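Structure first, then comments.
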Amino acid sequence: MEEGGVLCQWSVIRSVLAIIQWWGFNVTVIIMNKWIFQKLDFHFPLSVSCVHFICSAIGAYFVIKVLKMKPLITVDPEDRWRRIFPMSFVFCINIVLGNVSLRYIPVSFMQTIKSFTPATTVVLQWLIWRKYFDWRIWASLVPIVGGILLTSMTELSFNTLGFFAALFGCLATSTKTILAESLLHGYKFDSINTVYYMAPFATMILTVPALLLEGPGVMDWLYTHQSVSSSLFVIFSSGILAFCLNFSIFYVIHSTTAVTFNVAGNLKVAVAVLVSWLIFRNPIPAMNAVGCAVTLIGCTFYGYVRHMLSQQSPGAPCTPRTPRTPRNRMELLPLVNDKLDDKV
């Protein structure tokens, strides 16, 4: 009995530690990226994304091939181009748009807009794939959309380019999640293997645009910036921490339940908003904070509804009839992966 209690206690401690280190890496990467754009005057989101991809590719190779901390999931050469490459392209767009939004809008606003991802995922599947959902899924999206609208209307540092970059980043995240079900069917990727295969492709995709669009500007920055060495150290450190974030995701996935992960993920946004405000002191009006809080509550409720629906037995009563009756209860659930978020 005592042994069971000790194991249960250790399980709780391990979950808490996993969540704390995940929060730490996630918030640190976000703050460092914002610091790079705002304080170091390195206004080149494509180049920052490239550094992250390179560091993540090297890190994943080191963990799998050298340290052998994770077994390599073998992928057929044909599937690498037919399946992994399209995923890597969307993955690349997602990360770049996230960094572009950080370049132009505050962390608090960017993180709130990112919480819009469940809504974009559900709407995309409904419009394009004609998938139908339980009415409780739609109801759970109302506070998310309402909170985003309130936050956008009251944001003092609103920037159109940053706003749409974050919004299209949500669409890219949703597209990546939906495509993963069909393109990666048959492969059970963890976060480290995902980065191992996708980061090199993403680097290849982004290198030429980064050189063409930002190369001259980066060269000017290297010649004119006062503290180049220390600034480059910060930029490459953010890339290393971006890979560590992927490793922390792998750890937290195996230490928490889906419900705990969902709640912790929403609290993580609140922590990132608070820390960014303490560092950058960007003004946050009261109604803006209310909108952010409503959005996070909506995301938590959405995660709870998904979990409750997934736990119901196949024979449980279904939703009211729709134009096409879903074949099973899982068809009433959107393809949002609670466990994999904020990679690279």
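Please read all numbers here as calculations on a predicted model, not as lab measurements.
Considering only heavy atoms from C-beta on, Pro143 stays 4.5 Å or farther from Ile297 through its side chain. The side-chain heavy atoms of Thr117 and Thr121, taken from C-beta on, include a pair separated by under 4.5 Å. Using a 4.5 Å heavy-atom threshold, the side chains of Leu222 and Leu232 count as touching. Counting heavy atoms from C-beta outward, Asn33 and Ile36 have side chains that approach closer than 4.5 Å. Within the 4.5 Å cutoff, no side-chain heavy atoms of Thr300 are placed close to those of Leu267. Looking at heavy atoms from C-beta onward, Pro106 lies in side-chain contact with Phe109 at the 4.5 angstrom threshold. Leu141 has its side chain within reach of Ile144: a pair of non-hydrogen atoms, C-beta onward, lies under 4.5 Å apart. For the pair Val96 and Pro45, the minimum side-chain heavy-atom distance is 4.5 Å or more.
Rounding to the nearest 0.5 Å gives a distance of 15.0 Å between CE of Met110 and OG of Ser157. Here the CH2-CG distance, from Trp277 to Leu274, works out to 7.5 Å after rounding to the nearest 0.5 Å. Summarising the geometry, atom SG belonging to Cys50 is positioned 12.5 Å from atom CD1 belonging to Ile235; distances are rounded to the nearest 0.5 Å. One distance of note links CD1 of Ile148 with NZ of Lys114; it measures 12.0 Å at 0.5 Å rounding. We find the CD1-CH2 distance between Ile137 and Trp135 to be 11.0 Å, quoted to the nearest 0.5 Å. Between Gln226 atom CD and Leu40 atom CG the span is 12.0 Å, to the nearest 0.5 Å.
With sequence neighbours excluded, the residues satisfying ring pair (Phe, Tyr, Trp, His ring centres under 6.0 Å) with Trp81 are Phe85, Phe201. Residues satisfying the side-chain hydrogen bond (donor to acceptor under 3.5 Å, both in side chains) test with Glu214, not counting sequence neighbours, are Ser47. Scored by the side-chain hydrogen bond (donor to acceptor under 3.5 Å, both in side chains) test, Ser108 finds Asn282 as partners (sequence neighbours excluded). Annotation: side chain to side chain contact (heavy atoms under 4.5 Å, CB included) contacts of Ser140 (sequence neighbours excluded): Phe301, Tyr302, Val305. Residues meeting the ring pair (Phe, Tyr, Trp, His ring centres under 6.0 Å) test with Phe116, sequence neighbours left out: none. The salt bridge (Lys or Arg N to Asp or Glu O under 4.0 Å) search around Arg80 returns none, not counting sequence neighbours. Under the ring pair (Phe, Tyr, Trp, His ring centres under 6.0 Å) criterion, Phe164 pairs with no residue, sequence neighbours left out.
Here the closest heavy-atom approach between residue Ala272 and residue Ile31 is recorded as O-CD1, 4.5 Å. Here the closest heavy-atom approach between residue Gln21 and residue Ser248 is recorded as OE1-CB, 2.8 Å. Shown here for Phe25 and Cys244, the closest heavy-atom pair between the two residues is CE2-CB, 3.5 Å. Closest of all the heavy-atom pairs between Gly291 and Thr151 is C-OG1, 3.2 Å. Closest non-hydrogen pair, Ser49 versus Leu206, comes out as CB-CD2, 3.6 Å. For the residue pair Thr295 and Ser115, the shortest heavy atom distance occurs at CG2-CB, 3.5 Å.
Across Trp221, Phe37, Phe236, a single residue satisfies ring pair (Phe, Tyr, Trp, His ring centres under 6.0 Å) together with Phe42, and that is Trp221. Checked against Leu46 for a side chain to side chain contact (heavy atoms under 4.5 Å, CB included), the options Asn99, Leu211, Leu213, Val51 give a single hit: Leu213.
The distance between the ring centers of Phe163 and Phe158 falls below 6.0 angstrom. Close placement of the Phe91 and Phe53 rings is indicated, their centers lying within 6.0 Å of each other.
Atom CZ of Phe280 has more than 12 neighbouring heavy atoms from other residues, nucleotides or ligands inside a 6.0 Å radius. In this structure, Trp126 places its CH2 atom where only 12 or fewer heavy-atom neighbours from other residues, nucleotides or ligands lie under 6.0 Å away.
Hydrophobic clustering, defined by side-chain heavy atoms of Ile, Leu, Val, Met, Phe, Trp and Tyr closer than 4.5 Å, groups Val290 together with Leu150, Met287, Val294. Apart from Leu212 itself, the hydrophobic cluster it occupies contains Val208, where clustering links Ile, Leu, Val, Met, Phe, Trp and Tyr at side-chain heavy-atom distances under 4.5 Å. With a 4.5 Å cut-off between side-chain heavy atoms of Ile, Leu, Val, Met, Phe, Trp and Tyr, the cluster of Met153 takes in none. Grouped by direct or indirect side-chain proximity (heavy atoms under 4.5 Å, Ile/Leu/Val/Met/Phe/Trp/Tyr only), Ile58 sits with Ile54.
Taken together through direct or relayed side-chain contacts under 4.5 Å among Ile, Leu, Val, Met, Phe, Trp and Tyr, Ile205 and Leu171 form part of one hydrophobic cluster. If you chain together hydrophobic residues whose side chains sit under 4.5 Å apart, Met87 and Ile128 fall into the same group. Note: the hydrophobic cluster containing Leu278 does not contain Ile20 (ILVMFWY, side chain heavy atoms under 4.5 Å, direct or indirect links). Cluster membership for Val107 and Ile284, using ILVMFWY side-chain heavy atoms within less than 4.5 angstrom, is not shared. Linking Ile, Leu, Val, Met, Phe, Trp and Tyr whenever their side-chain heavy atoms come within less than 4.5 Å leaves Ile240 and Val48 in two separate clusters.
A donor-acceptor pair under 3.5 Å is absent between the side-chain atoms of Gln38 and the main chain of Trp35, judged by distance alone. The backbone N or O of Leu72 sits nowhere less than 3.5 Å from a side-chain atom of Asn193 that would complete a donor-acceptor pair. Not one N or O on the side chain of Asp76 forms a donor-acceptor pair closer than 3.5 Å with the backbone of Glu78. At least one donor-acceptor pair closer than 3.5 Å links the side chain of Lys34 to the backbone N or O of Ile105. Although no hydrogens or angles enter the test, the distance criterion places a donor-acceptor pair under 3.5 Å between the side chain of Trp23 and the main chain of Ala264.
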One pair to check against side chain to side chain contact (heavy atoms under 4.5 Å, CB included): Lys176 and Ile93. What are the steps and the verdict? CA-CA 10 Å; Lys176 177 169 65 73; Ile93 292 175; over 6 Å; no
Do Phe133 and Gln125 pass the side chain to side chain contact (heavy atoms under 4.5 Å, CB included) test, and can you show the C-alpha distance, the side-chain angles, and the key distance before you say yes or no? CA-CA 10 Å; Phe133 302 106; Gln125 291 177 89; 3.8 Å; yes
May I have the step-by-step check of side chain to side chain contact (heavy atoms under 4.5 Å, CB included) for Ser101 and Ile113, ending in yes or no? CA-CA 10 Å; Ser101 66; Ile113 297 173; over 6 Å; no
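Residue pairs meeting the side chain to side chain donor-acceptor pair (under 3.5 Å) criterion with at least one partner in residues 230-245, sequence neighbours excluded, are His52-Ser238, His225-Ser231.
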